[in-house]
4 protein chains.
Amino acid sequence: MSTDFAESPVKITASDGPGQPAPSAELDALYQGFEQELLVPLWTEIGGLMPDHPAPRAVPHVWRWQGGLLPLAERAGRLVPVGRGGERRAIALANPGLGGLPYATPTLWAAIQYLEPREVAPEHRHTQNAFRFVVEGEGVWTVVNGDPVAMRRGDFLPQAGWNWHGHHNISDTPMAWLDGLDIPFQQYADTGFFELGPDEVTSTETPARSRSERLWAHPGLLPAGLAAPQSSTPVGAYRWEYTDAALRDQLKLADEGYPGVIEPGHAAVRFANPTTGGDVLPTIRAEFHRLRPGSQTARRREVGSAVWQVFEGRGTVTAGQREWAVERGDLFVVPSWVPLTIGADTQLDLFRFCDTPIFERLSLYRASLDGAS
Amino acid sequence: MSTDFAESPVKITASDGPGQPAPSAELDALYQGFEQELLVPLWTEIGGLMPDHPAPRAVPHVWRWQGGLLPLAERAGRLVPVGRGGERRAIALANPGLGGLPYATPTLWAAIQYLEPREVAPEHRHTQNAFRFVVEGEGVWTVVNGDPVAMRRGDFLPQAGWNWHGHHNISDTPMAWLDGLDIPFQQYADTGFFELGPDEVTSTETPARSRSERLWAHPGLLPAGLAAPQSSTPVGAYRWEYTDAALRDQLKLADEGYPGVIEPGHAAVRFANPTTGGDVLPTIRAEFHRLRPGSQTARRREVGSAVWQVFEGRGTVTAGQREWAVERGDLFVVPSWVPLTIGADTQLDLFRFCDTPIFERLSLYRASLDGAS
Amino acid sequence: MSTDFAESPVKITASDGPGQPAPSAELDALYQGFEQELLVPLWTEIGGLMPDHPAPRAVPHVWRWQGGLLPLAERAGRLVPVGRGGERRAIALANPGLGGLPYATPTLWAAIQYLEPREVAPEHRHTQNAFRFVVEGEGVWTVVNGDPVAMRRGDFLPQAGWNWHGHHNISDTPMAWLDGLDIPFQQYADTGFFELGPDEVTSTETPARSRSERLWAHPGLLPAGLAAPQSSTPVGAYRWEYTDAALRDQLKLADEGYPGVIEPGHAAVRFANPTTGGDVLPTIRAEFHRLRPGSQTARRREVGSAVWQVFEGRGTVTAGQREWAVERGDLFVVPSWVPLTIGADTQLDLFRFCDTPIFERLSLYRASLDGAS
Amino acid sequence: MSTDFAESPVKITASDGPGQPAPSAELDALYQGFEQELLVPLWTEIGGLMPDHPAPRAVPHVWRWQGGLLPLAERAGRLVPVGRGGERRAIALANPGLGGLPYATPTLWAAIQYLEPREVAPEHRHTQNAFRFVVEGEGVWTVVNGDPVAMRRGDFLPQAGWNWHGHHNISDTPMAWLDGLDIPFQQYADTGFFELGPDEVTSTETPARSRSERLWAHPGLLPAGLAAPQSSTPVGAYRWEYTDAALRDQLKLADEGYPGVIEPGHAAVRFANPTTGGDVLPTIRAEFHRLRPGSQTARRREVGSAVWQVFEGRGTVTAGQREWAVERGDLFVVPSWVPLTIGADTQLDLFRFCDTPIFERLSLYRASLDGAS
């Protein structure tokens, strides 16, 4: 058999570790035969393929919002059009361990998106699951299947795959926000579909609350005629006022001696799909965390990767061998099984998203509180 | 073989319908043999045991609140103590088709419960699933596992089986409310356990919001450390303001041309377990309905039984061959497969609970919109 | 308000236990008011309605096959026709605690069914879930949705609700078997529908294996095009040879020191729905047990009721205060929460069915191994 | 901010497609700023990141067993030891589109494993889910958690992650088989853990049936004491005789006019987890297909990738633009969304495994029968 490839992409490098064959001309010939037939032996590769514990290529890294992402996005606002073709003025975090690919982690995309006053990001849809999180500003409505959803500081706006959506800025000031998607996962897994929609958004209404919220965002209540489980949340916006209140309540309950917080001084909520109680998106979990001034999280490892954004406050993040002082807007990534500790100088509010639902659904999730290797 | 029974409880009555055996002395002897051996033939019983469609013994019936339940409860308030032994001053609907048993339907208990000023209903727990719905008044706190839950008009307060609970009235006025439980089902099924607790409630705090609400009743948000699915809702109170807002929103969305309502002029919400999106209790579904003035529901049959209470407004209920004008506080029951239509004279708000979760989980649920037999 | 009933079915009996109101003329008047309005107080009834633990009206009881059910069925075979109207020559166990109703337990029907040579039981369908278990004989085919299923000693033949079915005996000898259904549950819950089909079975083929077995009864294999979960098992017959082999294997594994048996000397298999791994029917669990000679089961209570039939061997059954020597064909019932012990004189093979799926699905199941009250 | 990287891995290439910014010195400076800050714009990358439909880098490819894999494995048998360090004499398919990585598809590993007479592959465990499929030969026992499982032609032997396992060949002839794992997925996702066990297998018994089969591989029967759902199948071997019988039965049912086959002339079974009815492994589906001589499958696309091995017979495979004549032992891969047709010259038996469970659980699965782009 011969391949269609002028030169085989397979290159086998003999190894001299324990259990390896002795070098010989026959062995060289065997390895050449493997290369020719597009075959790779396990015995030379096993350490890299099957490490003792996750050994991610992605590394912990921080990106600065003020003085980093935001001024670059502002410059892009002047130079780069938004419209059909480019589709979005979004600038993605490229994890330095991933060879220059625009991936925050192997599974997750995180980008700053930027709209100038009166600009429109045209409609399209894709199977990639997405959300927006607003660290500051307002004035943009994202229109999801014709439903206009206001975007304001602190809001979390999920948008499940294959829904039509566009954005427009109706205000006189630019607006920037965080986009999170599973683009890297779907690119890796070859699951993505994409379609173009109208160049303009399909509704120019600017209500304070989206229709999705009016139907679905009442606490503990589902519309009786539509109560069947859905694979993604039908709620278009999780508003800051509720998130903030829930975190405050958790900490006060702790003060009163009752359970609720994750650990002392550390409150957290998970954004949930009200039709199932599960995650908002099939591939992405989203949470909001609040640390009291002076508190510190336990050192923790988890299978799967996460992206965090500081919403408000100042603190110190220790991720594996890296340590950073962080402040409002800063983004940092934590690859799989890298131990993480966060300490709060002030009250520290953080948004977090991660790929845990993938691994929970595939029985691959593990976590370790001690943080030992 | 002989039984331990002086007289067998089995009495066989020969039938003369199609397919029946010809009368004879041998047949009489056979039937006597059956009686003696505690056996019953299918062929004489099949029509009653396996009807063409559900043929409930329970009948549609209405109980009046004003002029019926409430004045009797007030009289009981003067004559009947509340405390250990009797446990609760609760007066239950006895469906006239069920032979005097205190059952609204074969599965559901519905009662008015009444507390005089400063009275305490002592703590106990039972596997029977329960809820309270408040049609008017306030001043009572129900204390569930030490968590005091205020009860106010319009509130729905579920309380899953096997949680400790007691009630106390801290006000100067009496208070009455609706109790709903699955007592008849658990009595039928021999699943009930019961334990006495302290004579006093374990907390005399009177917060406006229970701890359960502070932890669980934020829209679309779950405490991140406690997000695992639970078989019953952890929310102790579904407040009227949210129910009312959700119903208003549904009707306004319909006005604007968007889906959400069950049918024209008819909004409805289901009280949900936020950890699963399913029903609040394993055996009981609870809903709130709002009909616009002049609207009428489609004629509908369902497997399973329901109890309704008018929260506000006036209308006409047609349940099988029965028809009643109903108003605030009135309770009516609809047995399995009895066609139901409700018409609204004014805006008509109704609370409803039913046993649908039992039949959905057992693949026995059916509904028919046309209402034809 | 007045009722439509000439005489109210409600009769209230004042109680003099702890917590009861003092007798008085006003109290009598109040209770009369209750009766008139079809109301029942909880305080006079609570002990019966909400016992400390299940207090079933059904009692443990045994029915003899040889010398009991079988000779009576044979006599019925001579006197009672099988055909349209009576539908089936089935004779049901009537639990002596249930007032003469043809119910083995509150939820379960158990009957001997009997077909003379060449007889046909006409086709019908009903929502009641059913199965057949063959303690002896053969020669009958049950035809389920046109699929002829041979019935032979040791076979378990489930038949989910709403499937057409009839039976015919193609042999020269009569045949008797055990029918199990959830008739009492569906009668109680008002969920039953019933339709008549053809007078003759729709297929007179007599294959050794049904089509359902050919499609679904290969170990661990599902037809790739039909693998979606189904609410009931698609397998029409669980053959004795497989049941027997599985039990033998379990006991041999125990001999070799490996897990598998329920307890020493006690092997058991559950008949499963291969599309879900769950129970064969939504309301009924079915199992087969084998006890080694001289072994005895631990004393065990369970919420829910069970019916057992001795398939082979001799032993002693202790159910609550009752104790019986049992042998081939004998049937006994164990109501909810009644402690049960079975001892084996010989190798003792027992078929068992119970209503556990109902209570597991409703989070009401409990079991206790110690058997203490 | 500056990175720790001497040279940024990010290299941005300006694009001149529609919607792109006009070239300018400022744009160059902006893109340099992106590179320096480890950022990548979406607008230059969107076509590659979010294609209209899956555009896999992996390509369809065939590997020959006779004359390809098998002789190379035999040569490796003479030159390469099996033992601690290299762990396994396994030679993996390297999809020519994946840059020389030992991955059959982005998610799936497929390798020939080879054991000389009397050789032992030492014990280890890993979170990677695995199976073996035997296209020819016998004589090896794989020992899984101490349970020896015989491997014989046609057998499918799943082995869920984190179970100890080793293999040993007790015969006088070498043996080769197919290994399938989710190594590429777990390598990508950083979920893998690995531990070394003993150098020898922990049991040298050579029973014809494993303990797992004796406990779990009886059709429709589960051990009553162990019936809880498990995330992977507890069955250690799915034997050829049952697979073959199930396929024969499906085709015969089709001849008789009954449903069961996937399409005319094409029978298929899915290997199932008997405790759930779901897939044998959380990340891998496994099936066996049989085509009648002269039949051809419909052209079909699916999200996700598959590996097929011809078990017996001859046919023609068309995968996208590629077409191959295939025969016993040949392996071919079909990347995501590549249309596939298989035609059978003789009766054609094929084993197939794929990553569909990943995408079904994440709501990303799609299939298209027409096969049009």
Side-chain angles (χ1 to χ4, degrees), chain A residues 1 3 5 9-11 17-21 26-27 30 33 37-43 45-46 49-50 52-54 56 64 68 72 75 79-80 83-88 90-92 94 96 99-100 102 106 126 183 187-188 190-194 231 282-283 303 336 359 361-364, chain D residues 1 5 9-11 17-21 26-27 30 33 37-43 45-46 49-50 52-54 56 64 68 72 75-76 79-80 83-88 90-92 94 96 99-100 102 106 126 183 187-188 190-194 231 282-283 303 336 359 361-364:
Chain A
M1 194 197 90
T3 75
F5 291 75
V10 176
K11 302 293 162 210
Q20 298 298 323
E26 286 107 323
L27 187 69
L30 178 67
E37 297 295 330
L38 298 169
L39 297 170
V40 177
L42 176 61
W43 58 87
E45 306 285 327
I46 187 165
L49 287 172
M50 303 177 89
D52 290 354
H53 55 75
R64 304 299 176 181
L72 284 167
R75 284 166 62 189
L79 296 172
V80 179
R84 201 81 295 162
E87 299 292 312
R88 297 291 185 264
I91 308 165
H126 43 70
I183 290 173
Q187 168 70 0
Y188 156 75
D190 298 318
T191 57
F193 293 81
F194 185 95
S231 61
T283 52
V303 162
S336 185
F359 305 116
R361 292 175 192 210
L362 300 175
S363 301
L364 293 170
Chain D
M1 193 198 89
F5 291 76
V10 175
K11 301 294 162 210
Q20 298 298 322
E26 286 109 324
L27 188 69
L30 179 67
E37 297 295 330
L38 298 169
L39 298 169
V40 176
L42 175 62
W43 57 87
E45 305 286 330
I46 188 167
L49 287 173
M50 302 178 90
D52 291 354
H53 56 74
R64 304 299 177 180
L72 283 167
R75 283 167 59 190
L79 297 173
V80 179
R84 200 81 295 160
E87 299 293 311
R88 297 290 184 264
I91 308 165
H126 43 70
I183 290 174
Q187 167 70 359
Y188 156 76
D190 297 318
T191 56
F193 292 81
F194 184 95
S231 62
T283 52
V303 162
S336 186
F359 305 117
R361 290 174 192 211
L362 300 173
S363 302
L364 293 170

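The basis for the numbers below is simple: all heavy atoms, side chains too, and nothing from hydrogens, waters or symmetry mates.
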Student: Picking from Ser336(A), Ala92(A), Pro41(A), which has the most non-hydrogen pairs under 4.5 angstrom with chain D?
Tutor: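 Of Ser336(A), Ala92(A), Pro41(A), Ala92(A) has the most heavy-atom pairs under 4.5 Å with chain D.
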Student: Below 4.5 Å, heavy-atom pairs only: which of Gly17(A), Gly83(A), Ala90(A), Pro18(A) has the largest tally toward chain D?
Tutor: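 Of the options given, most contacts go to Ala90(A).
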Student: To check you understand the geometry: which heavy-atom pair defines the closest contact between Pro54(A) and Phe193(D), and what is its length?
Tutor: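 Shortest heavy-atom separation between Pro54(A) and Phe193(D) comes out as CD-CZ, 3.3 Å.
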Student: OG1/Thr283(A) to CZ/Arg361(D) distance, rounded to the nearest 0.5 angstrom?
Tutor: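 Here the interatomic distance stands at 15.5 Å.
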Student: Over all heavy atoms of both residues, which pair between Leu27(A) and Val80(D) is shortest? Give the atoms and the distance, please.
Tutor: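 Smallest interatomic distance, heavy atoms only, reads CD1-CG2, 4.1 Å.
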Student: Which heavy atom in Glu26(D) sits nearest to a heavy atom in Arg75(A), and how many Å separate them?
Tutor: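 For Glu26(D) versus Arg75(A), the nearest heavy atoms are O-NH2, 4.5 Å.
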Student: Which atoms of Phe359(A) are under 4.5 Å from chain D, going by heavy atoms: the side chain, the backbone, both sets, or neither?
Tutor: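 Side chain of Phe359(A) only, per the 4.5 Å heavy-atom cut-off to chain D.
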Student: Looking at residues at least two apart in the chain, or sitting in another chain, which of them share a salt bridge (Lys or Arg N to Asp or Glu O under 4.0 Å) with Glu87(D)?
Tutor: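 Arg84(D).
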Student: So what's closer than 4.5 Å to chain A heavy atoms on Leu79(D): side chain, backbone, both or neither?
Tutor: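 Contact with chain A: backbone and side chain both.
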Student: Of all of Ser363(A), Gly192(A), Ser231(A), which one pairs up most often with chain D through heavy atoms under 4.5 Å apart?
Tutor: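 Of the options given, most contacts go to Gly192(A).
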Student: Stepwise, does the side-chain contact (heavy atoms from CB on, under 4.5 Å) test hold for Asp190(A) with Val303(D)?
Tutor: CA-CA 7 Å; Asp190(A) 298 318; Val303(D) 162; over 6 Å; no
Student: Would you mind telling me which of Pro102(A), Ala94(A), Gly85(A), Pro282(A) has the largest number of heavy-atom pairs within less than 4.5 Å of chain D?
Tutor: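 Heavy-atom pairs under 4.5 Å are most numerous for Ala94(A).
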Student: Using every non-hydrogen atom in the two residues, find where Leu72(D) and Glu37(A) come nearest and quote the distance to one decimal.
Tutor: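 Of all heavy-atom pairs spanning Leu72(D) and Glu37(A), the closest is CD1-CG, 3.7 Å.
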Student: Taking every non-hydrogen pair under 4.5 Å, which of Val10(D), Ile183(D), Leu362(D) racks up the most with chain A?
Tutor: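 If we count pairs closer than 4.5 Å to chain A, Leu362(D) comes out on top.
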Student: Write down the atom of Arg88(A), the atom of Leu42(D), and the distance for their closest heavy-atom approach.
Tutor: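 Minimum heavy-atom contact is CB-CD2, 3.7 Å.
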